[in-house]
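One-based numbering, in listed order, for ligands and for the atoms of each. Along the sequence shown, residues carry numbers from 1.
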Amino acid sequence: MTTPRFSPNDVTVVFFLGGPGSGKGTQSANLVKSYGFTHLSAGDLLRAEQVRSGSQYGDLIRDYIREGKIVPMEVTVALLSNAMAETLSTSPPAAGTKARFLIDGFPRKLDQAVFFEETVCPSELVLFLDCPESVMETRLLKRGETSGRDDDNAASIRKRFHTFVETSMPVVEDFRKKDKVVTVKADLSPEEVSRLVQAGIEARGLLPRS
Ligand code: ADP
Ligand code: C5P
Ligand code: MG
């Protein structure tokens with residue numbers, strides 16, 4: 001048995017899942033404000049690593065992202081684990097409170113979920129944004145007009161949806177069996193989604209922090 005790097009006694013981890021374009025990044029901003037989460041987006045961390053000078057993974061990450069495939073988990077888990085350690089050392093939680101991490105877009109594959117929970121920290125809750133593909137597609141094509149992302153184009157979007165259905169939904173189903181999932185309807189206005197998200201996580205005992 002390995003001991004995770006962080007204990008759930010000190011750290012609360014919430015995984016934030018949902019298809020590409022379901023609104024995870026958008027909703028994360030609200031959750032940071034209301035609940036005192038540190039937001040860590042696996043995709044953002046991978047994109048930063050892709051362009052970091054001296055990274056040995058730049059080309060690999062670029063190829064995987066354009067193809068909508070899941071980057072080998074060792075890379076992503078190390079980025080997340082190091083970002084958590086960095087946050088805990090630079091802004092430790094107030095005495096008597098736990099640090100809260102909202103881990104956006106991760107785990108996207110079953111092996112990542114198992115490896116993270118065994119070696120980094122077990123999760124408390126999984127927030128899942130449920131959104132029809134047609135809505136996500138419209139949003140992503142629109143986002144692609146300004147995002148500068150290599151994967152916000154029709155061909156990559158199709159591949160990302162395929163990966164989501166085949167590889168990432170089984171992660172949600174696995175957590176659902178463990179009764180860890182809060183599902184929120186995401187094809188509503190950002191404000192309505194935000195209200196549902198808050199109600200969902202408060203029902204699980206996670207309370208706001210100002
Ligand atoms: P994700 O991080 O899940 O891929 P984003 O938060 O980046 O999704 O949202 C994808 C796009 O859809 C963004 O351009 C965002 O502004 C827009 N968007 C997010 N939530 C909503 C919503 N509830 N209604 C309409 N557009 C939204
Ligand atoms: O979450 P986001 O849409 O920013 O992710 C963009 C891409 O980053 C994914 O399509 C995938 O190629 C890669 N990624 C990954 N593993 C994760 C999260 C993202 O490989 N856990
Ligand atoms: Mg995002």
State, without any angle test, whether Thr183 and Asp130 hold a side-chain donor-acceptor pair at a distance under 3.5 Å.
no
After noting the C-alpha distance and the side-chain angles of Asp10 and Lys98, does the key distance pass the salt bridge (charged side-chain N to carboxylate O under 4.0 Å, His left out) rule?
CA-CA 5 Å; Asp10 306 322; Lys98 291 192 207 182; over 6 Å; no
Just do the side-chain hydrogen bond (donor to acceptor under 3.5 Å, both in side chains) check on Ser189 and Glu192 with the steps written out, would you?
CA-CA 5 Å; Ser189 73; Glu192 285 169 307; 3.1 Å; yes
Determine yes or no for a side-chain-to-main-chain donor-acceptor pair under 3.5 angstrom, with Glu117 supplying the side chain and Ser123 the backbone.
yes
Residues 140-177 vs ring pair (Phe, Tyr, Trp, His ring centres under 6.0 Å), sequence neighbours excluded, gives Phe15-Phe175
Side-chain donor or acceptor of Gln112 paired with backbone N/O of Arg108 under 3.5 Å
yes
Would you be so kind as to tabulate the donor-acceptor pairs closer than 3.5 Å made by side chains of residues 74-86, with sequence neighbours excluded?
from, atom 1, to, atom 2, distance (Å)
Ser81, OG, Arg5, NH1, 2.7
Asn82, OD1, Arg5, NH1, 3.2
Asn82, ND2, Ala78, O, 3.2

Compute the centroid of each ring, for Phe37 and then for Phe101, and state whether the two points are separated by less than 6.0 Å.
no
Just the distances, no angles: every ligand 1 N or O to protein N or O pair closer than 3.5 Å, one line each.
from, atom 1, to, atom 2, distance (Å)
ligand 1, 2 (O), Gly25, N, 3.0
ligand 1, 3 (O), Ser22, N, 3.4
ligand 1, 3 (O), Gly23, N, 3.0
ligand 1, 3 (O), Lys24, N, 2.8
ligand 1, 3 (O), Lys24, NZ, 2.9
ligand 1, 4 (O), Gly21, N, 2.9
ligand 1, 4 (O), Arg143, NH1, 3.3
ligand 1, 6 (O), Gly25, N, 3.3
ligand 1, 6 (O), Thr26, N, 2.8
ligand 1, 6 (O), Thr26, OG1, 2.6
ligand 1, 7 (O), Arg143, NH1, 2.7
ligand 1, 8 (O), Gly23, N, 3.2
ligand 1, 23 (N), Arg139, NH2, 3.4
ligand 1, 23 (N), Leu188, O, 2.8
ligand 1, 23 (N), Pro190, N, 3.3
ligand 1, 24 (N), Arg139, NH2, 3.4

Any Ile157 side-chain heavy atom under 4.5 Å of Asn153 side chain:
no
Could you please provide the protein residues found below 4.0 Å of ligand 2 on a heavy-atom basis, arranged by chain and number?
Ala42, Gly43, Leu46, Arg47, Tyr64, Ile65, Lys69, Ile70, Val71, Gly105, Phe106, Arg108, Gln112, Arg149, Asp151, Arg160
